[in-house]
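Here the structure is laid out as structure tokens; the discussion comes afterwards.
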Amino acid sequence: MPMKVGNESFNNRVGEGIQNTFMRSAVSGAQDRLETNRQLATEELGNWEEWRSLGEEIRQHVLANLDYYLTQLSEQVAARGGHVFFAATAEEAQVYIAEVANKKQAKKILKSKSMVTEEIDLNHYLEEHVGCRVIETDLGEYILQLDNDLPSHIVAPALHRKKEQVQESFQRHHHYEGSERPEELTKHARKMLRDDYLTADIGITGCNFAVAETGSVCIVTNEGNADLSTALPKTQITVMGMERLVPTFEELEVLVNMLTRSAVGQKLPSYVTVLSGPRQEGDVDGPEEFHLVIVDNGRSEILGSEFQAILQCIRCGACANICPVYRHVGGHSYGSIYSGPVGAVLSPLLGGYDEYKELPFASTLCGACTDVCPVKIPLHELLHKHRQTIVEKEGRAPVSERFLMSIFGIGSSSSGMYKFGSKVASSVLKPLTKNEQLSKGIGPLKNWTDIREFPAPKKERFRDWFENRQKGDD
């Protein structure tokens with residue numbers, strides 16, 4: 001499965017995340033910093049809730065008219081001399097891009113940061129089927145690529161890596177002799193990438209938004225790597241999820257403002273690049289050939305379903321930046337390149353419940369993710385819908401949980417059974433009780449009692465206490 005991260009079970013991934021003290025410290029520090037910056041940046045816009053409502057309206061309008069805007073986009077790209085390919089699956093996208101690379105006899109491909117290319121595992125496919133070298137040009141992605149690692153955050157992919165680990169990686173792969181200072185590490189990476197920019201055959205980018213009216217694609221970065229990846233190679237390929245559209249530049253302005261403020265607390269990033277097909281007469285740079293690959297990969301099945309709202313996502317990562325679960329387990333625990341609350345909703349839809357049925361339960365349902373989402377995706381409600389589907393429609397609840405819940409259902413279905421059960425509960429659970437706490441759990445309770453204690457039932461029920469109290473008052 002292309003979007004999958006690792007082969008460990010969910011519980012093992014979570015266990016490793018909890019034990020990774022550096023990662024937990026890095027994530028909590030980043031969350032605090034990014035959330036503070038987000039609040040300051042959004043307050044500057046005035047009534048942020050009005051902006052959120054506008055963002056939601058734009059995204060819902062696009063989804064309701066997606067066929068129209070996709071047609072308009074493809075026609076405009078073609079009118080400018082570009083090529084458009086609609087990929088129904090990840091495999092179709094991989095094959096098309098590989099065919100372009102083979103036709104160009106590409107030996108070196110530059111790629112700027114892109115979640116959808118991670119989703120379809122494009123790098124490995126091109127290296128295996130084309131035999132070319134694919135180079136990530138975003139600093140965080142470049143660091144991870146050296147060690148065959150994967151992103152743990154939508155916006156900050158290498159959040160889980162120490163600077164000392166980066167130094168060791170550079171030493172191992174590049175014979176780096178400098179210090180672990182971020183400035184030196186960045187300077188080294190820039191030096192290593194400079195020649196690649198000048199000699200690459202193809203540049204591949206993602207797409208934050210595509211403007212249907214003009215056939216343009218917008219890429220938002222802080223490092224300028226996307227500009228170099230598109231201006232210098234003769235062939236450019238942009239890969240986009242089919243929902244990443246805006247009707248005009250007017251809506252683009254709104255959503256870019258919301259994206260950058262929600263993601264990292266900036267008014268604007270260093271670079272907002274708009275590209276409109278291959279080089280035209282009079283242009284000083286740009287590719288000679290342009291391909292736009294529009295990826296479905298399960299999105300059309302989400303469209304029109306009860307989970308459609310997740311397609312409003314603009315990939316800002318604000319939900320992960322405030323999530324208490326993400327704070328403690330990190331991105332790789334989700335087992336998908338989409339982590340945090342958005343990943344917990346999206347991954348089961350794209351990858352199936354067989355692989356990702358645990359993710360909707362990896363949430364407190366506190367609603368903080370919903371509150372910060374710039375386009376008002378009801379994330380905690382979608383997580384609840386997943387749980388309902390998994391348990392009621394799919395019947396995937398653990399056997400022990402189903403058994404205990406059925407017993408509870410029988411016991412609470414009549415007043416007589418409930419009275420009997422509440423009277424014997426204290427005696428039945430006595431072997432598991434220590435100091436009036438359930439310290440040993442069985443079945444679904446075990447994961448809880450392994451790390452915390454649960455109050456044991458009292459010998460005297462509340463009803464009995466209340467009746468005795470009333471008698472005393474008389």
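As the structure is a computational prediction, the values presented were derived from the model and not from experiment.
Judged by distance alone, with hydrogens and angles left aside, the side-chain atoms of Ser169 form no donor-acceptor pair with the main-chain N or O of Gln165 at under 3.5 Å. Gln308 contributes a side-chain N or O that, together with a main-chain N or O of Gly304, makes up a donor-acceptor pair within less than 3.5 Å. For Asp201 (side chain) and Lys107 (main-chain N/O), a donor-acceptor pair under 3.5 Å exists by modelled atom type. With Glu75 contributing its side chain and Gln72 its backbone, the two residues share no donor-acceptor pair below 3.5 Å. Distance alone, capped at 3.5 Å, is enough to place a donor-acceptor pair between the Arg52 side chain and the Cys373 backbone. With hydrogens and angles disregarded, a donor-acceptor distance shorter than 3.5 Å links the side chain of Arg261 to the backbone of Ala41. A distance-only check finds no donor-acceptor pair linking the side chain of Arg38 to the backbone of Gln266 [under 3.5 Å]. At least one donor-acceptor pair under 3.5 Å links the side chain of Gln145 to the backbone N or O of Val134. Checked by atom type and distance alone, the side chain of Ser152 never pairs as donor or acceptor with a backbone atom of Gly331 at under 3.5 Å. Side-chain atoms of Ser347 never come within 3.5 Å of backbone atoms of Ala344 as a donor-acceptor pair (strictly under, hydrogens ignored).
Put simply, CG on Asp32 and CZ on Arg327 are 4.5 Å apart, with the number rounded to the nearest 0.5 Å. Rounding to the nearest 0.5 Å gives a distance of 12.5 Å between CD1 of Ile120 and CG of Leu350. Here the straight-line distance linking atom CG of Asn123 with atom CD1 of Ile109 works out to 9.0 Å at 0.5 Å rounding. Rounding to the nearest 0.5 Å places NZ of Lys385 at 8.5 Å from OG of Ser305.
A donor-acceptor contact closer than 3.5 angstrom links the side chains of Gln236 and Thr238. For Ser53 and Glu56, the side-chain atoms include no donor-acceptor pair closer than 3.5 Å. For the residue pair Asp371/His380, the side-chain donor-acceptor check at 3.5 Å is not satisfied. Inspection of the Asn20 and His332 side chains reveals no N or O donor paired with an N or O acceptor under 3.5 Å. With 3.5 Å as the limit, one finds no donor-acceptor pair spanning the side chains of His386 and Gln388. For the residue pair Lys111 and Ser229, no side-chain donor N or O sits within less than 3.5 Å of a side-chain acceptor on the partner. Side-chain contact annotation: Tyr326 with His153, donor-acceptor N/O pair under 3.5 Å absent. Of the N and O atoms on the side chains of Asn297 and Thr89, not one donor lies less than 3.5 Å from an acceptor on the other residue. A side-chain donor from one of Glu35 and Gln39 sits under 3.5 Å from a side-chain acceptor of the other.
A salt bridge links Glu289 and Lys104; the closest N-O separation between the charged side-chain nitrogens and carboxylate oxygens is under 4.0 Å. The pair Lys162-Glu164 fails the salt-bridge criterion, with no side-chain N (NZ, NE, NH1 or NH2) lying under 4.0 Å from an Asp/Glu carboxylate O. A salt bridge is absent between Glu243 and Arg59; no separation between the charged side-chain nitrogens and carboxylate oxygens falls under 4.0 Å.
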Apply side-chain hydrogen bond (donor to acceptor under 3.5 Å, both in side chains) to Glu184 and Ser179, showing your working.
-> CA-CA 7 Å; Glu184 285 193 44; Ser179 73; 3.0 Å; yes

Please report the C-alpha distance between Asn102 and His129 in whole Å, then the side-chain angles of each, then the deciding distance to 0.1 Å, and finally whether the side-chain hydrogen bond (donor to acceptor under 3.5 Å, both in side chains) criterion is met.
-> CA-CA 9 Å; Asn102 278 320; His129 291 83; over 6 Å; no

Residue pair Asp285, Arg279: steps toward the salt bridge (charged side-chain N to carboxylate O under 4.0 Å, His left out) verdict = CA-CA 7 Å; Asp285 59 18; Arg279 182 187 306 177; over 6 Å; no

In sequence, state the C-alpha distance, the side-chain angles, and the governing distance for Arg24 and Ile18, and then conclude on side chain to side chain contact (heavy atoms under 4.5 Å, CB included).
-> CA-CA 7 Å; Arg24 294 179 64 190; Ile18 290 175; 3.8 Å; yes

Residues His83, Phe290; criterion ring-ring contact (aromatic ring centres under 6.0 Å, His included); working and verdict = CA-CA 6 Å; His83 305 274; Phe290 174 75; 8.9 Å; no

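Atom CD of Glu127 has more than 12 heavy atoms from other residues, nucleotides or ligands within 6.0 Å. Around the CD atom of Glu253, the shell of radius 6.0 Å holds no more than 12 heavy atoms that belong to other residues, nucleotides or ligands. Under a cut-off of 6.0 angstrom, the local environment of CD in Glu57 is sparse, with at most 12 non-hydrogen atoms contributed by other residues, nucleotides or ligands. His384 NE2: 12 or fewer foreign heavy atoms inside a 6.0 Å radius. Residue-environment remark: NZ (Lys108) exceeds the threshold of 12 foreign heavy atoms within 6.0 Å. Residue-environment remark: CD (Glu301) stays at or below the threshold of 12 foreign heavy atoms within 6.0 Å. In the displayed structure, Asn47 atom CG is contacted under 6.0 Å by more than 12 heavy atoms of other residues, nucleotides or ligands. Other residues, nucleotides and ligands contribute at most 12 non-hydrogen atoms within 6.0 Å of the OH atom of Tyr68.
In terms of the side-chain hydrogen bond (donor to acceptor under 3.5 Å, both in side chains) criterion, residue partners of Asn225 (sequence neighbours excluded) are, by chain and number, Thr137.
No side-chain heavy atom of Asn257 sits less than 4.5 Å from a side-chain heavy atom of Val254. Looking only at side-chain heavy atoms (C-beta outward), Lys376 and Gln60 stay at 4.5 Å or farther from each other. Using a 4.5 Å heavy-atom cutoff, the side chains of Phe209 and Leu245 are not in contact. You'll find the side chain of Tyr334 stays beyond 4.5 Å of the side chain of Val5, heavy atoms only. Taking 4.5 Å as the limit, some side-chain heavy atom of Tyr142 sits within range of a side-chain heavy atom of Met192. Looking only at side-chain heavy atoms (C-beta outward), Cys218 and Val256 come within less than 4.5 Å of each other. Side-chain contact between Pro341 and Ser363 is absent, with no heavy-atom pair separated by less than 4.5 Å. Leu228 places a side-chain heavy atom less than 4.5 Å from the side chain of Arg194.
By the 30° and 60° cut-offs, the orientation of the rings of Phe85 relative to Tyr96 is parallel.
Sorted by first then second residue, the salt bridge (charged side-chain N to carboxylate O under 4.0 Å, His left out) pairs that include residues 7-18, not counting sequence neighbours, number zero.
For Ile314 against Arg244, the heavy-atom pair with the smallest separation is O-NH2, 3.4 Å. Here the shortest heavy-atom pairing between Leu139 and Ala189 reads CD1-CB, 3.6 Å. Between Leu73 and Gly215, the shortest heavy-atom contact is CD1-CA, 3.7 Å. In plain terms, the two heavy atoms of Gly335 and Tyr356 that are nearest each other are O-OH, 3.1 Å. Across all non-hydrogen atoms, the minimal contact from Tyr338 to Met115 is OH-O, 3.8 Å. Ala226 and Ile219 make their closest contact through CB-CG2, 3.7 Å (heavy atoms, listed as atom of the first residue, atom of the second, distance).
The salt bridge (charged side-chain N to carboxylate O under 4.0 Å, His left out) test with Glu119 is passed by exactly one of Arg315, Arg299, Lys4: Arg299.
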